There are 4 protein chains.
Amino acid sequence: MSEFDVSRQRGLPVYLQIQAQIERRIAAGSLAPGDPLPSVRTLAKQLRINPNTVVRVYRELEFLGLVETRHGEGTFVAAGAQRRAKATVLVEEHAAAYVTAAKELGLDQGEAVAAVKAAWRKRDTAEVA
Amino acid sequence: MSEFDVSRQRGLPVYLQIQAQIERRIAAGSLAPGDPLPSVRTLAKQLRINPNTVVRVYRELEFLGLVETRHGEGTFVAAGAQRRAKATVLVEEHAAAYVTAAKELGLDQGEAVAAVKAAWRKRDTAEVA
Amino acid sequence: MSEFDVSRQRGLPVYLQIQAQIERRIAAGSLAPGDPLPSVRTLAKQLRINPNTVVRVYRELEFLGLVETRHGEGTFVAAGAQRRAKATVLVEEHAAAYVTAAKELGLDQGEAVAAVKAAWRKRDTAEVA
Amino acid sequence: MSEFDVSRQRGLPVYLQIQAQIERRIAAGSLAPGDPLPSVRTLAKQLRINPNTVVRVYRELEFLGLVETRHGEGTFVAAGAQRRAKATVLVEEHAAAYVTAAKELGLDQGEAVAAVKAAWRKRDTAEVA
DNA sequence: GTGGTCTAGACCACG
DNA sequence: GTGGTCTAGACCACA
């Protein structure tokens with residue numbers, strides 16, 4: 001398994017960077033169901049970060065159903081993870097595209113979010129009708 | 001100026017329907033800067049709705065900088081309104097596209113909004129870097 | 001807001017004890033949507049535990065949609081939390097009842113889980129038919 | 001001994017259907033300790049299924065201690081089988097009840113299983129205390 | 001003031 | 001060896 005990389009400096013939290021990289025590998029299939037992830041301690045040492053940060057990443061991924069942890073054994077890519085991860089990655093791409101457009105149009109975050117909520121509401125009422 | 005139409009029954013609030021139609025006409029240029037909008041009473045009668053509803057629409061449009069009300073004269077399309085209205089309409093379209101994608105991927109509103117916030121944050125940190 | 005209590009000694013992790021108590025109060029309605037939870041630092045001091053442990057609890061509750069955290073403001077019971085919390089508590093009660101029965105019948109955890117999976121499968125196939 | 005019945009088509013595997021029916025008869029006492037079960041070949045012909053399927057059923061039942069096979073003689077209901085079968089049937093009923101409740105509350109299988117494990121753990125720690 | 005992230009290092013439980 | 005929990009205390013970001 002090739003390396004991950006994290007950039008320190010303030011910006012995206014480290015744990016989110018790692019989480020995103022793992023999600024992408026699962027979505028791409030380079031991490032397949034059943035594959036073991038590096039142990040918490042190993043990955044922590046590799047990335048020169050605190051083990052607790054890795055624990056947090058793995059915990060989030062487990063909540064998302066992308067990995068399963070087997071106590072005393074390790075952390076493994078979950079069955080059906082690829083489909084879920086693909087959805088996650090797709091969502092991120094759509095959201096990024098939307099944010100790009102919104103920023104170009106001069107919206108701030110609050111306005112962009114409000115527009116999504118409005119569109120959601122419209123969609124809902126359209127479906128009901 | 002041709003007619004507007006509103007559908008009662010559960011769905012989008014009437015005032016939002018009217019507002020959206022006016023925004024679109026301004027964006028399209030069929031309502032140009034300086035053009036008068038119907039008076040509150042006239043439009044209310046035409047659409048058979050409460051005048052207060054029209055007042056609300058005009059107030060929202062004024063807040064958005066799309067119209068200006070001149071006391072004793074009436075309500076007029078504001079200078080530079082077309083550019084702003086186009087942006088508004090574009091944002092709505094982008095938001096609608098995003099919502100469509102998010103719904104297809106099975107997200108609920110909270111998740112969709114969270115994804116936008118996350119993407120926004122990512123964009124911010126990327127720009128800083 | 002009256003006190004929570006946690007028992008140290010090994011057993012249920014502290015964070016799960018606190019989480020369960022908050023869930024129950026939300027389910028019971030004594031913590032209503034919009035109500036603030038104690039600040040992380042306050043609750044930590046009250047329970048004489050580390051603030052990070054409280055952070056963890058609040059994070060889990062947010063994931064479950066029971067609370068929402070507003071950065072710089074505090075943590076609040078989320079809208080619709082009562083319904084969700086009631087479901088959680090109900091599930092816990094059903095699960096506890098099942099576990100009681102299974103233990104009385106001499107099953108170990110693996111067997112009890114297997115029986116649930118089998119019943120689930122049966123239910124699924126019955127619904128399809 | 002009256003007939004068994006199996007429904008083909010997608011649904012529960014045939015061998016589980018037969019196994020469950022035998023378990024229930026043992027639990028009900030209509031198959032008592034010492035009673036012979038139909039020979040593998042006889043039952044297979046009667047149900048128009050493959051003898052290997054019947055072999056599998058009898059093997060499972062033997063593993064559960066409900067029947068014993070005596071080489072050259074046949075398969076017989078084991079001593080003490082009724083008590084054990086009752087437990088099995090009871091477990092199935094409890095599990096089914098739990099699954100019903102969990103589904104109504106909108107859980108998926110993973111969540112339902114997790115709740116059982118959590119409840120099990122709680123019970124364990126409660127007993128220790 | 002609030003919550004969010006990260007580190008360092010402890011001890012426990014499972015296999 | 002593996003992951004899970006908890007502490008102590010740091011620094012950051014939002015309001």
Side-chain angles (χ1 to χ4, degrees), chain A residues 6-20 22 35-63 67-78 108-110 113, chain B residues 114 117-118 120-122 124-125 128-129, chain C residues 6-20 22 35-63 67-78 108-110, chain D residues 114 117-118 120-122 124-125 128:
Chain A
V6 297
S7 94
R8 241 28 172 289
Q9 20 223 15
R10 48 199 161 66
L12 262 200
V14 170
Y15 84 96
L16 282 179
Q17 298 180 40
I18 304 171
Q19 185 181 331
I22 296 179
D35 285 357
L37 269 66
S39 84
V40 168
R41 290 166 181 79
T42 302
L43 186 53
K45 196 167 292 181
Q46 200 181 95
L47 300 178
R48 313 238 206 107
I49 59 176
N50 189 285
N52 279 328
T53 304
V54 179
V55 165
R56 182 172 192 169
V57 173
Y58 284 7
R59 198 182 176 79
E60 301 271 345
L61 290 170
E62 187 171 28
F63 221 110
V67 307
E68 64 181 341
T69 59
R70 298 202 277 270
H71 204 118
E73 287 193 71
T75 305
F76 302 84
V77 178
D108 65 26
Q109 181 181 317
V113 165
Chain B
K117 285 180 180 169
W120 196 280
R121 184 183 187 189
K122 213 160 175 175
D124 274 346
T125 60
V128 171
Chain C
V6 297
S7 96
R8 241 27 170 290
Q9 19 222 17
R10 49 199 160 68
L12 262 199
V14 170
Y15 84 96
L16 283 179
Q17 296 179 42
I18 304 171
Q19 185 181 332
I22 296 179
D35 285 357
L37 269 63
S39 83
V40 169
R41 290 166 181 78
T42 303
L43 187 52
K45 196 166 291 183
Q46 199 182 97
L47 300 177
R48 314 240 204 101
I49 59 175
N50 190 285
N52 280 327
T53 304
V54 178
V55 166
R56 182 172 192 169
V57 172
Y58 284 7
R59 198 181 175 82
E60 301 272 345
L61 290 170
E62 187 171 28
F63 220 110
V67 308
E68 65 181 340
T69 60
R70 299 203 276 270
H71 204 120
E73 287 193 70
T75 305
F76 303 83
V77 178
D108 64 27
Q109 181 181 317
Chain D
K117 286 180 180 169
W120 196 279
R121 184 185 188 187
K122 213 162 180 172
D124 273 347
T125 60
V128 171

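Just so we're clear, the structure is a prediction, and the values are computed from it rather than from any experiment. Proteins come first, then strands; the chains are lettered A, B, ... in the order of their sequence lines, and each starts at number 1.
Note on C:Arg70: every side-chain N or O is 4.0 Å or more away from OP1 and OP2 of E:dG3. The shortest distance between the side-chain N/O atoms of C:Tyr15 and the OP1/OP2 oxygens of F:dC6 is not below 4.0 Å. Here A:Arg59 does not reach the OP1 or OP2 of F:dG4: none of its side-chain N or O atoms lies under 4.0 Å away. For F:dC6, neither phosphate oxygen OP1 nor OP2 lies less than 4.0 angstrom from any side-chain nitrogen or oxygen of C:Thr53. Applying the 4.0 Å criterion to OP1 and OP2 of E:dT2, one finds that C:Thr69 has every side-chain N and O outside that range. For E:dT7, the OP1/OP2 oxygens have no side-chain nitrogen or oxygen of A:Arg48 closer than 4.0 Å. At E:dG3, one or more side-chain N or O atoms of C:Thr75 fall inside 4.0 Å of OP1 or OP2 (strictly under the cut-off).
As rounded to whole Å, 6 Å separates atom C1' of F:dT5 from atom CZ of C:Arg56. Remark: P of E:dT7 and CG of A:Leu43 are 12 Å apart, rounded to the nearest angstrom. Straight-line distance from the CG atom of A:Leu61 to the P atom of F:dG4: 12 Å, rounded to whole Å. Spacing between atom CD of A:Glu73 and atom C1' of E:dC14 amounts to 9 Å, rounded to whole angstrom units. Distance, A:Glu62 CD to F:dG4 C1': 11 Å, rounded to whole Å. At whole-Å resolution of the value, CD in C:Gln17 and C1' in F:dC6 are 13 Å apart. As a whole-Å value, the separation of C:Leu16 CG from E:dC12 C1' is 15 Å. The distance from atom CG of C:Asn50 to atom P of E:dC11 is 16 Å, rounded to the nearest whole Å.
Residue-level contact check: A:Arg41 touches the bases, meaning some heavy atom is under 4.0 Å from a base atom.
Side chains of A:Tyr58 and A:Pro38 form a contact here, defined as non-hydrogen atoms less than 4.5 Å apart. Taking 4.5 Å as the limit, every side-chain heavy atom of C:Val14 sits out of range of all side-chain heavy atoms of C:Leu47. Looking at heavy atoms from C-beta onward, C:Tyr15 lies out of side-chain contact with C:Ile49 at the 4.5 angstrom threshold. Taking 4.5 Å as the limit, every side-chain heavy atom of A:Arg59 sits out of range of all side-chain heavy atoms of C:Arg59.
Not a single donor-acceptor pair, N or O on each side, falls under 3.5 Å between the base of F:dG3 and the side chain of A:Asn52.
F:dC14 is paired with E:dG1 under the criterion used here, namely a Watson-Crick or G-U wobble arrangement in which both key atom distances are under 3.5 Å.
If you find the closest nucleotide of DNA chain E to A:Val14 and to C:Gly72, the one lying nearer the 5' end belongs to C:Gly72.
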Apply the test side chain to side chain contact (heavy atoms under 4.5 Å, CB included) to residues A:Leu43 and A:Gln46: give CA-CA distance (whole Å), side-chain angles for both, the deciding distance (0.1 Å), then the verdict. CA-CA 5 Å; A:Leu43 186 53; A:Gln46 200 181 95; 3.9 Å; yes
